[in-house]
Number of protein chains: 2
Amino acid sequence: MRKALLSTARERDPDARKERIVNAAGEVFAKTGFAEGSVREISRQAHVNVASINYYFGSKEGLYREVLLTAHRQLLDQEPPPSPAADPELALREWIEFCLRFVLLKRSAHPVLGRLMAHEMRQPTAALAELVKLVIKPIFSNLVGIVNAVTNGTLDKPAREMSAHQIVAMCVHFDHSREVIGRLGFAVPEAEVGIQRLADSITNMALRGLKLPTPKKTRSTK
Amino acid sequence: MRKALLSTARERDPDARKERIVNAAGEVFAKTGFAEGSVREISRQAHVNVASINYYFGSKEGLYREVLLTAHRQLLDQEPPPSPAADPELALREWIEFCLRFVLLKRSAHPVLGRLMAHEMRQPTAALAELVKLVIKPIFSNLVGIVNAVTNGTLDKPAREMSAHQIVAMCVHFDHSREVIGRLGFAVPEAEVGIQRLADSITNMALRGLKLPTPKKTRSTK
DNA sequence: ATTGTAATCAAACAGCCGTTTATAAACGGC
DNA sequence: GCCGTTTATAAACGGCTGTTTGATTACAAT
């Protein structure tokens with residue numbers, strides 16, 4: 001140890017430094033979104049000089065891109081999608097449970113991602129297309145396949161996808177609109193038991209809705 | 001030089017002025033949200049001095065609150081909720097059609113509101129609680145009542161509300177997540193015919209899901 | 001005609017923003 | 001020891017932010 005720990009010794013560890021920046025950026029961006037999060041706040045929180053951010057990531061936007069991708073990589077590692085079950089109905093139930101747990105628990109598991117996704121949804125950046133292609137599309141295709149199995153192939157592609165989107169809707173809504181749902185007096189489940197109950201209700205509605213083809217009972221006129 | 005009618009004669013009409021400010025603020029806030037929208041941009045777009053905004057609305061946030069409430073008032077005027085039908089199933093179908101049309105057509109009818117609501121969902125301000133209470137809650141209660149009628153009162157309050165939220169989910173999802181849904185290859189309907197088809201599908205799933213009480217068929221263990 | 005008050009404005013204020021620059025320290029290779 | 005390179009920093013840059021100020025205008029009441 002030639003350089004005995006000075007009080008303000010320069011720490012020379014680019015990787016640890018970059019990681020600290022990315023973590024701090026995740027928290028800051030998650031709190032306020034891309035535009036409102038400031039690099040100074042990030043640098044403060046990461047105990048790093050402001051210039052380091054541009055030095056390592058080129059720009060604020062470069063840092064954001066890094067944060068978004070890193071967050072997804074971490075999340076997928078700790079919350080893998082379900083392996084498809086043989087029984088279609090069971091597969092559907094498990095998919096719904098997975099999706100629900102994903103959207104309702106991901107906040108505590110990884111508080112950054114949920115909000116980042118929400119921001120992407122409102123002001124899509126180039127990263128969203130990549131995200132959909134790499135992460136969301138495979139999982140959604142999985143669901144479409146299950147829907148096809150449950151309905152014995154009686155639905156055409158648009159109808160299958162529409163139904164699948166409806167199922168996704170019932171899962172993500174409770175995360176997406178929790179601010180409104182909570183204010184409407186309904187407690188969005190945050191524990192396993194509540195999520196199971198919600199999964200039951202959604203699975204029930206999805207299964208019944210899929211079981212028989214649409215009876216084409218459009219009302220004539222008002 | 002008493003400067004009689006100068007080219008930039010002062011226009012003395014506070015009401016028209018305030019309205020111009022609110023309109024401009026709506027467009028600006030809708031484009032970029034509250035924090036990113038600047039009062040200078042608004043003042044420029046409203047052909048008004050910057051100071052006028054604080055003079056009339058106290059602060060940027062005061063102006064935002066005014067915009068949000070005004071937008072809702074206007075929208076409700078031109079898109080009234082359905083009068084409850086005698087037949088519960090018909091009432092449900094009409095409610096879903098109303099809700100779908102509301103979320104899918106409101107952008108062209110009033111492009112400001114959708115984005116404002118989205119921003120509120122992300123970073124709720126004090127205005128959201130008021131909004132829920134005055135606008136959303138009555139409409140939602142309407143739906144809960146319909147759900148109760150369809151199920152012949154066999155569901156308790158939490159179950160009724162949960163089902164109602166699921167139905168709302170299927171309607172709003174196609175607006176909320178349209179960026180992702182579009183990128184998944186599904187065309188979110190924007191015309192009347194597509195909305196009708198979607199309303200059919202949602203109504204079908206909702207009705208079948210509600211018709212019989214949950215069979216309590218929770219799977220034992222994995 | 002004068003006064004009082006509300007409305008409007010240009011300009012200034014204080015502060016934060018992302019980025020750049022010049023400088024300095026720590027390192028590996030010679 | 002000297003070198004070029006990488007890493008880290010403080011300070012400055014130019015620009016934008018919401019808000020305030022103080023002067024000026026218009027109009028209604030006196």
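Here the structure is a predicted model, which means the values were calculated and not measured. No hydrogens, no waters, no symmetry mates; every other heavy atom, side chains included, goes into these values. Numbers restart at 1 for each chain; the letters A, B, ... are given by sequence-line order, proteins then strands.
- Comparing C:dA7, C:dC9, D:dT19 against the side chain of B:Y56 picks out C:dA7 as the nearest.
- Contact check on B:E130 versus B:K133 returns no salt bridge, with no Lys/Arg side-chain nitrogen under 4.0 Å from an Asp/Glu carboxylate oxygen.
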Would you tabulate the nitrogen or oxygen pairs shorter than 3.5 Å linking the protein to nucleotides 12-15 of chain C?
unit_1: C:dA12; atom_1: N6; unit_2: B:R40; atom_2: NH2; d: 3.3

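- Ionic pairing of B:E66 and B:K18 is not present here: no N-O contact between side-chain nitrogen and carboxylate oxygen is shorter than 4.0 angstrom.
- Per the geometry, OH belonging to B:Y55 stands 12 Å off P belonging to C:dC9, to the nearest Å.
- Electrostatic pairing of A:K157 and A:E161 counts as a salt bridge here, judged by a charged N lying under 4.0 Å from a carboxylate O.
- For the pair A:I42 CD1 and C:dG18 C1', the interatomic distance rounds to 11 Å; values are reported in whole Å.
- When the P atom of D:dA11 is taken as reference, atom CG of A:N54 falls 18 Å away, rounded to whole Å.
- Listed for the B:R20 side chain is a donor-acceptor partner under 3.5 Å among the backbone atoms of B:A46.
- Residue A:R17 contributes atom CZ, which lies 16 Å from atom P of C:dA25 at whole-angstrom precision.
- Using a 4.0 Å cut-off between charged nitrogen and carboxylate oxygen, A:R197 and A:D200 do not count as a salt-bridge pair.
- C:dC30: Watson-Crick or G-U partner is D:dG1, with both key distances under 3.5 Å.
- Each of A:E41 and A:N49 has a nearest nucleotide on DNA chain C; the 5'-most of these lies closest to A:E41.
- At a threshold of 4.0 Å, the pair A:E27-A:K31 does not count as salt-bridged, since none of the basic side-chain nitrogens sits closer than that to a carboxylate oxygen.
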